[in-house]
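Letters A, B, ... mirror the listed sequences (proteins, then strands); counts begin at 1. Reckoned from all heavy atoms, side chains included, excluding hydrogens, waters and symmetry mates.
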Number of protein chains: 2
Amino acid sequence: MPDQTAPETVTAGTPERGRRIDGKAFAAGLRKQIAGDVVAFHEKHGITPGLAVVLVGNDPASEVYVRNKALETHRVGMRSFMHMLPETTKEAELLQLVDRLNADPEIHGILVQLPLPKGMDGRRITNAIDPKKDVDGLGEVNAGRLSLGLPGLVPCTPLGCLMLLKSELGNLRGLNAVVVGASNLVGKPMALLLLNEGCTVSVAHIDTVNPQALTRMADILVVATGVSGLVGRDWVKPGATVIDVGITRIPASAGKTKLVGDVAFDEVAAVAGRITPVPGGVGPMTIACLLQNTVTAARLSLEGAPD
Amino acid sequence: MPDQTAPETVTAGTPERGRRIDGKAFAAGLRKQIAGDVVAFHEKHGITPGLAVVLVGNDPASEVYVRNKALETHRVGMRSFMHMLPETTKEAELLQLVDRLNADPEIHGILVQLPLPKGMDGRRITNAIDPKKDVDGLGEVNAGRLSLGLPGLVPCTPLGCLMLLKSELGNLRGLNAVVVGASNLVGKPMALLLLNEGCTVSVAHIDTVNPQALTRMADILVVATGVSGLVGRDWVKPGATVIDVGITRIPASAGKTKLVGDVAFDEVAAVAGRITPVPGGVGPMTIACLLQNTVTAARLSLEGAPD
């Protein structure tokens, strides 16, 4: 006979708490799948997908990013082309290069690393990329296709977040999603992707008076503000799935630094059902989704626009 | 000395209730302003803005719509061109007409009335319109510009709703807006317009489990579902501004019919601060905004893309 005075312990039916979503492992699996797709694509069409990455100037962070992008492209068996131009490059020269890459049948994806040097019109450059090769999904046509719910090329980071969410939760239809942050790079495309999946979607941002009133209702909470540690335990509904896009380097002990997200991980993990860590959550998904978009773009180039 | 037993009466500070937003009067004022802009445009450039409306087939409702659009275009002093094609028109013929209108310097706006006859690819036709002449704002490029917060041509109905809201409320930044309905024609562009104005924005729709939980938090509530009388008093926060986009013809007494919106007007007017009636609210704004977009398009054609 059980001891009636012992505290109740509930095991079955207790919602899971603080499950870490391993973006690093997911991205590795995705890259493996992409490598297989690249082989199959070559067998079918006799063509290897190719990605051109363009860097203008000497921003150290950008140099690291483009090197990693080129390397990962190469590692999944695609052709990787790197164009590194001096800081003194004129906008017209860059537009000429984009036109040449647009016309080059060996190039299926074009990425111009942002930010561009001062004086260059980043929007004009981005829009100059053929929408079928716009693997960053930042041009007007692909932004429009996403908004209209049509197939197209979707910005890599929100695409990666969506892949993680679908992998964790399956069908998202009817779930209540809140996106914190309304940038063109993450927040807005993320909101539109979730809307297209059938979620109820709210977007909170810097001007939102009481974001917690919304976020506490969220089954899915995506945070992309760049404000480290913004989202605490009191922002999160118990059992929610939390995706942390933020990544900030802050001072740590002994003169070292560390990377942290927009979510106060330890306290939120105690209440969230599932949560992405920083690093190792959303970050590794971004380049993997760039590779995915390049394969999608190669398919578009042979099969025409998806509409 | 006041009678201490009398019930408190509060006058100063009592929020207004049930103020009708007169879209008909607002649209009349907008048309007057547009007529002045047309004169000024002609004086400055020697050119009168021109709108081409294309109708394919014999849908009776569409025939009424295009006639009204042409008439109102003419009345504000613009040039109005109507192309009425038979139901048997081939998609290739329609695309040829669109191309001709794209190239015609007398035409600044092109509107192909939807829905198109079966067998025609409406998306292909819409995207074939030069984005600078896409006065319905339904092409991919303008949808993308709206999503990215760039200037462009915005769908007429949500643009009309936004004009009413700004006229009533002034600066919308920080207000909590909820859009019910997620269509490409109204709900999604409305949400993006409100987001670009700095509102916190939520979109509820057919798959939303408990829409009232969101709508009861809304300072601005825009309803565009096509479900007559969907939104009752218990959906609305006291003092909210309610914009009713729905319009449905239902049976009335003595064998007659009447037009109603998605909002149960009488009961919601008792709690809302301001509310658009149906008819006479959003409806009259749509064609007025089409005229506004045609003037905007004429400016674009002379001054180039706004970026």
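In terms of non-hydrogen atom pairs under 4.5 Å with chain B, the most contact-rich of A/Leu148, A/Val201, A/Asn184 is A/Leu148.
For the atom pair CG of A/Asn176 and OG1 of A/Thr200, the computed distance is 5.5 Å after rounding to the nearest 0.5 Å.
Taking the charged nitrogens against the carboxylate oxygens, B/Glu197 and B/Lys166 do have a contact shorter than 4.0 Å, which makes a salt bridge.
Heavy atoms of B/Ala213 lying under 4.5 Å from chain A belong to its backbone as well as its side chain. Looking at A/Asp219, there are no atoms closer than 4.5 Å to chain B (heavy atoms on both sides), in backbone or side chain. Heavy atoms of B/Leu192 lying under 4.5 Å from chain A belong exclusively to its side chain.
Using a 4.5 Å heavy-atom cutoff, the side chains of B/Leu221 and B/Val180 are in contact.
Applying the 6.0 Å contact sphere to CG of A/Leu169 captures more than 12 heavy atoms from other residues, nucleotides or ligands.
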